[in-house]
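First the proteins, then the strands, lettered A, B, ... as listed; each starts at 1.
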2 protein chains.
Amino acid sequence: MRPAGQLDVRRHNSALLLAAVTANPGCSRAGLAAMTGLAKATVSSLVDHLVAGGLVAETGPVERTGRGRTGTGLALSATGPHGVGVAVGVDHVTACLVDPLGGVRARRVRSGDNRGRAPEQVLAVVTRVVRSLAGQGVPVGGVGVAVPGLVRGGVLLSAPNLDWSEVDIALDVGVPVTVANEANAAALAELRPDGPRDYVLVSGEVGVGAGIVRDGALLTGVHGFAGELGHLCVDPTGPRCGCGARGCLETYAGTAALPTRQAAANGDPEALSALESAGTRLGQALSGLVNLLDIPTIVLGGDHARLAPWLFGPLRAELARRVIGARWSPPTVVASTLGREAAALGVARAAVDHIRADPDSYLRGAGQAL
Amino acid sequence: MRPAGQLDVRRHNSALLLAAVTANPGCSRAGLAAMTGLAKATVSSLVDHLVAGGLVAETGPVERTGRGRTGTGLALSATGPHGVGVAVGVDHVTACLVDPLGGVRARRVRSGDNRGRAPEQVLAVVTRVVRSLAGQGVPVGGVGVAVPGLVRGGVLLSAPNLDWSEVDIALDVGVPVTVANEANAAALAELRPDGPRDYVLVSGEVGVGAGIVRDGALLTGVHGFAGELGHLCVDPTGPRCGCGARGCLETYAGTAALPTRQAAANGDPEALSALESAGTRLGQALSGLVNLLDIPTIVLGGDHARLAPWLFGPLRAELARRVIGARWSPPTVVASTLGREAAALGVARAAVDHIRADPDSYLRGAGQAL
DNA sequence: CAGTATTCGTTCAGTCGCTGAACTTAAATC
DNA sequence: GATTTAAGTTCAGCGACTGAACGAATACTG
């Protein structure tokens, strides 16, 4: 804990107002005062700062019924700090630029097999793509990089699918760079202002990862390794997994064990049987997760989203059978609609979260680089 | 989020100082200023309030080497608010009174089979025990009740081992009552100022529960159901469990599946084989937990603590085999030394946590009841 | 033993941020 | 055009922290 002073009060209230503006675009200063409980004078003072710093913009007079002076509409500034997100996959580098509202403003995709390629080489591509997106004429407040492996601090400790280890993801761009695991990044992409704030995203991309979101924040674990769902044991006598152990979920529900969507749609019996098995095993593993964490919403992403229609049945059956709290609040299972862009999108939004969380410091720092 | 004002600053800094005093008993005001970063004037003002409110006491001049005026030692007041904790078990009601430092000052145990007994009857016993402990002449700041079942809010939704359901744990005592799951309560008892702040307590009492502590706080889940380790599936073709599913950890590592300590010490082959199996299955389930949450310390409690010498081997072997992050930070497994009192102790300490977390509000409320 | 150096704790003016009330501005209604 | 209602601004006041100055207490020094 740090000592607190009046500056912290201002920080807190600035963030509070920015969040209120985000949630209620077009509202007036008076409306904000009513919503937040702050005095009108305080709102005026803080909003003026946010407007001066380019985070909030006045959108013109607000529509009202009845008499009285019309308020000035406020909304997130479209020219505020944008986020750049880059996802490094085994066969692609996908990037996007998101505006302050979280919408995608530009995209870049560089195809090519990164497996075994030198990290420096790939990071040079990443840097070029970031620079290209940052040159769009909008301010960039942060850059995020999603990688398929174990991340600690800004270092990718191990990425079996890329055959990388101990790679320091340090880009030479003038803004903060955040590094995240791919599943965690994809999980953050599902976090929407009006959506659930507690869920697990299951990300089927080569391995099986999970991003666990509790009250809008990622559960990262002590070292940042959390979410390794793929190596939950679902059958101690099962087949040997790449990790050395037996019966990991990945051997049943990883990409290698899944059929194509085409084969499933054709009703291929082998495909359907594989999906039945994958769904059941996923359900078994996720029941364990739900029993442990009491997080009642499951979002299927990646390959599992594409195959969701065939996975839902066995998955839900297994959840109903095994989740202890199901009687009081049955878990819900849905499929992500974000597609391949999820990881880049999530990490792009996360890259500017520090500004959302503490706009006052950002404004004081005046650190609009790039 | 709420709007913040100067009051919140004071709240925060009061809590900061109380925490510093707790961690450094006997320190002076000047020392606190150096530790916390607050100005001496602020420390004086806040400490005076804490002393006036009975939370902190001056312990006399502090020993110092070198010249200069000697400071006045400060420490948690031994006459500050105490906590009362009661654990309701299947065959006992165990209670204790803890002082502000967390030490046990008095105990009560009422033996007797609560299984199937009317909840009102048992709660009457609980109330009597609480009143008895509260009548010790020390102020009581909160009461906690630990129960073996699913808890939401102050309601025990379901306790299969007691055959209770939907019981509102509302005691007529003049202080706040907190209700917690037994495993969670036992987990909180392991939380010590100088100990780890991230761990999982596995509580083997009839069922198998877990209390997950992350950064000193319990992970309760969305509804408060988190920690149901006992029904993690460790073998989909295993024996049927009381919950209806197959292969739950509880059927391998629950009390019913464990031998007595005596049998194990005697080297009984059947007992040893049961322990080998229980240890392996525990390791399998806990590997999943560690992979999911990246919480690298496991504390065995209850029956598992008593049988720990026989469980450690297979448990650690399984963890080494299955935990993905083990290469960078191998999990550690230890046994709890708290014994049967753990749940009552943990919930007693938790019952006064609201005062620790916000002493200023407590003092303003002047709510020293009982 | 007196003087000095050093540290503890308090006092006080100063600053900063929030507040409530008064005031100004602006739009709708009569 | 007057009136009513609401938005936004101005301003004195308050509470909390700060830094410097001060008084108090102790140990060292000659």
Phosphate OP1/OP2 of D/dG8 contacted by A/Ser44 side-chain N/O (<4.0 Å): no
Heavy-atom side-chain proximity of B/Leu17 to B/Val47 below 4.5 angstrom: yes
Short N/O separations, protein against nucleotides 26-30 of chain C, under 3.5 angstrom:
| from | atom 1 | to | atom 2 | distance (Å) |
| --- | --- | --- | --- | --- |
| C/dA26 | N3 | A/Arg69 | N | 3.4 |

Can you give me the N/O atom pairs linking the protein to nucleotides 20-22 of chain D at distances under 3.5 Å, or say none if there are none?
none

Donor-acceptor pair, side chain of A/Arg349 and main chain of A/Ala189, under 3.5 angstrom: yes
Test side chain to side chain donor-acceptor pair (under 3.5 Å) applied to A/Asp8 and A/Gln6, A/Arg11, A/His12, the passing residue: A/Arg11
Interatomic distance where CG belongs to A/Leu46 and C1' belongs to D/dG8 [whole Å]: 14 Å
Between A/Ser45 and A/Arg10, a side-chain donor and acceptor under 3.5 Å: yes
Whole angstrom value for the distance that separates C1' of C/dC18 from CG of A/Asp8: 15 Å
Short side-chain to backbone donor-acceptor contact, A/Tyr199 and A/Arg214, under 3.5 Å: no
Donor-acceptor contact below 3.5 Å, side chain A/Asp198 vs main chain A/Ile295: no
Flag if over 12 foreign heavy atoms under 6.0 Å of CG, A/Asp215: yes
Interface with DNA chain D, restricted to residues 10-38 of chain A and to heavy atoms under 4.0 Å: A/Ser28, A/Arg29, A/Ala30
Side-chain N,O (A/Ser45) to OP1/OP2 (C/dG17) below 4.0 Å: no
Nucleotide nearest B/Asp48 when distance is taken to its side chain, options D/dT18, C/dT10, C/dT15: C/dT10
Pair A/Asp99, A/His82: side-chain N/O donor-acceptor within cut-off below 3.5 Å: no
Flag, side chain of B/Thr36 to backbone of B/Leu32, donor-acceptor distance under 3.5 Å: yes
Check ion pair B/Asp360-B/Arg364 (N to O, under 4.0 angstrom): yes
A/Arg29/A/Asp48 ion pair, N-O < 4.0 Å: yes
First encountered from the 5' end of DNA chain C, between A/Ala39 and A/Gln6: A/Gln6
